[in-house]
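In what follows, a single structure is set out as structure tokens and then discussed.
Counting starts at 1 for both ligands and their atoms, following the listed order.
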Amino acid sequence: MAKPVILVTRKLPEAIEARLAEVFDARLNPEDALWGRDGTEVAARAKACGAAGILCAAGDAMNAAAINALPESVKVIATFSVGFDHIAIDAARARGIAVTNTPEVLSFATAECAFTLMLMAARRAGEGERLVRAGQWEGWAPTQLMGVTLQGKKLGVLGFGRIGRELAAMARGVQMEIHYRDMQRLPAEIEQGAIFHETDAGFLATIDVLSMHVPGGEGTRKWLNPERLAQMKKGAIVINSGRGPSVDDEALIAALKSGHIRAAGLDVYDGEPRVHPGYMALENVALLPHLGSATIETRHAMGMRCIENLAAVLIQGISPPHRVV
Ligand code: DGY
């Protein structure tokens, strides 16, 4: 029996591409050309190769127009990400196309990234690195680049899912007190002593560091807005490694400039890879290029999840293990 054709929109780790080529008739993108950012091109390529499955990634424009233009041959879209806000889920559902993601395997790595940003922001690591690289460091000084410690501070986790909880476990290691905000209170064995807040206002007024772990989409758009920033303590820190659109950039930039927010650490951006130019000149913001899941181990595990999902639909004819639609 002929192997199912898979259209792969991005270059993937070598071992994953090798496995894809064993299991499927995989049409790879060895140059990592960015044609996936144009959803109509994904559809045109899927049509040209008679794809049964599409392996796409965060940043690909799998919008309604792209999904509606896919050929009948496409039965499944497997995204190499846990987030699926780049895929028009309703359009896929309407066409009976299964959509899968890669949950769990990236929780620790993404929490590590949030933790990195938290330290960078609190300890002014980006500023320090820029100083050294610019050849402007004149030696140790008692008052140079003093940050704040995380020890004893209150970490507020917005979205106490797998990533948020991994971050909480790391933060307990530096003696932070954990607070969280979510749709509802979680059982005590999951909370592990973390303190639930019933209102945004009470949560924001309590914490010293806000770490955002909410999904993209209209429900969270510009969640961190001027009103919520004003509810935070003066000198608090903001971290976002979830989705960029959940922050109102203009408002955060104003709060960073005024000093109401001491520092921020961002890994994701509204409209990325575009980054709001207002962040660029600010010393008190650490900016990473969406590195959340970027470890060798995690990217391998994400690739294996995609293969499992594609094989379930196209070879075994069963419901994929990580189906979102
Ligand atoms: C995800 O998996 O959703 C990440 O943001 C991409 O690394």
Side-chain angles (χ1 to χ4, degrees), residues 8-13 15-17 29 32 34 36-37 39 42 54-63 76-89 92 98-118 157-167 211-221 223-224 238-247 249 264-275 286-310 320-325:
V8 183
T9 65
R10 299 302 303 268
K11 175 154 184 52
L12 298 176
I16 297 302
E17 291 197 338
N29 178 0
D32 206 16
L34 295 177
R37 295 209 175 139
V42 177
I54 295 178
L55 198 168
C56 68
D60 287 340
M62 298 303 292
N63 50 32
V76 54
I77 298 170
T79 182
F80 189 91
S81 61
V82 65
F84 47 88
D85 47 314
H86 55 293
I87 303 176
I89 294 300
V99 177
T100 68
N101 70 343
T102 63
E104 294 136 18
V105 292
L106 41 63
S107 307
F108 196 88
T110 307
E112 279 180 328
C113 185
F115 196 61
T116 303
L117 285 168
M118 211 153 83
V157 181
L158 179 72
F160 209 52
R162 295 185 190 102
I163 298 170
R165 299 200 296 262
E166 290 288 7
L167 177 67
S211 190
M212 300 178 62
H213 303 277
V214 287
E218 277 317 303
T220 55
R221 189 156 181 81
W223 183 90
L224 190 62
V238 170
I239 305 300
N240 188 16
S241 60
R243 281 294 181 262
S246 56
V247 170
D249 289 319
L266 306 177
D267 187 44
V268 289
Y269 306 90
D270 192 4
E272 65 184 55
R274 187 192 66 90
V275 175
L287 305 171
L288 295 181
H290 203 147
L291 293 181
S293 62
T295 67
I296 292 167
E297 298 88 341
T298 298
R299 291 284 162 88
H300 181 85
M302 290 166 74
M304 293 309 287
R305 281 260 195 275
C306 291
I307 292 170
E308 263 179 85
N309 286 316
L310 290 165
H322 309 106
R323 182 173 194 146
V324 294
V325 159

Distance-only N or O hit between ligand 1 and Met302, under 3.5 Å: no
What atoms of ligand 1 come within less than 4.0 Å of a heavy atom belonging to Leu106? 2 (O)
List ligand 1 atoms under 4.0 Å from Ser81, heavy atoms only on the residue side. 1 (C), 2 (O), 3 (O)
Check this for me - ligand 1, Gly242, N or O atoms closer than 3.5 angstrom, yes or no? no
Could you state the interatomic distance from CZ (Arg305) to CZ (Phe80), rounded to the nearest 0.5 Å? 12.0 Å
Do His322 and Thr102 pair up side chain to side chain, a donor and an acceptor below 3.5 Å, judged on atom types alone? no
Is it true that Arg221 and Ser246 share a donor-acceptor pair across their side chains at a distance under 3.5 Å? no
For atom 2 (O) of ligand 1, which protein heavy atom lies nearest, and how many Å away is it? Val82 N, 2.7 Å
Rounded to the nearest 0.5 Å, what's the gap from CG on Leu12 to SG on Cys306? Could you check? 7.5 Å
Among all the protein's non-hydrogen atoms, which is closest to atom 5 (O) of ligand 1, and how far away is it? His290 NE2, 2.6 Å
Counting distance only, does the side-chain N/O of Asn29 pair as donor-acceptor with the main-chain N or O of Thr9 below 3.5 Å? yes
For Thr298 and His300, test the side chains for any donor-to-acceptor distance below 3.5 angstrom and give the result as yes or no. no
Name the closest protein heavy atom to atom 3 (O) of ligand 1, giving the residue it belongs to and the distance to 0.1 Å. Arg243 NH2, 2.6 Å
Sidechain N-carboxylate O distance under 4.0 Å for Asp60, Arg37: no
What protein heavy atom sits nearest atom 7 (O) of ligand 1, and how far away is it? Ser293 OG, 2.8 Å
Numbering as shown, the atoms of ligand 1 that approach Gly83 to under 4.0 Å (heavy-atom distance): 1 (C), 2 (O), 3 (O)
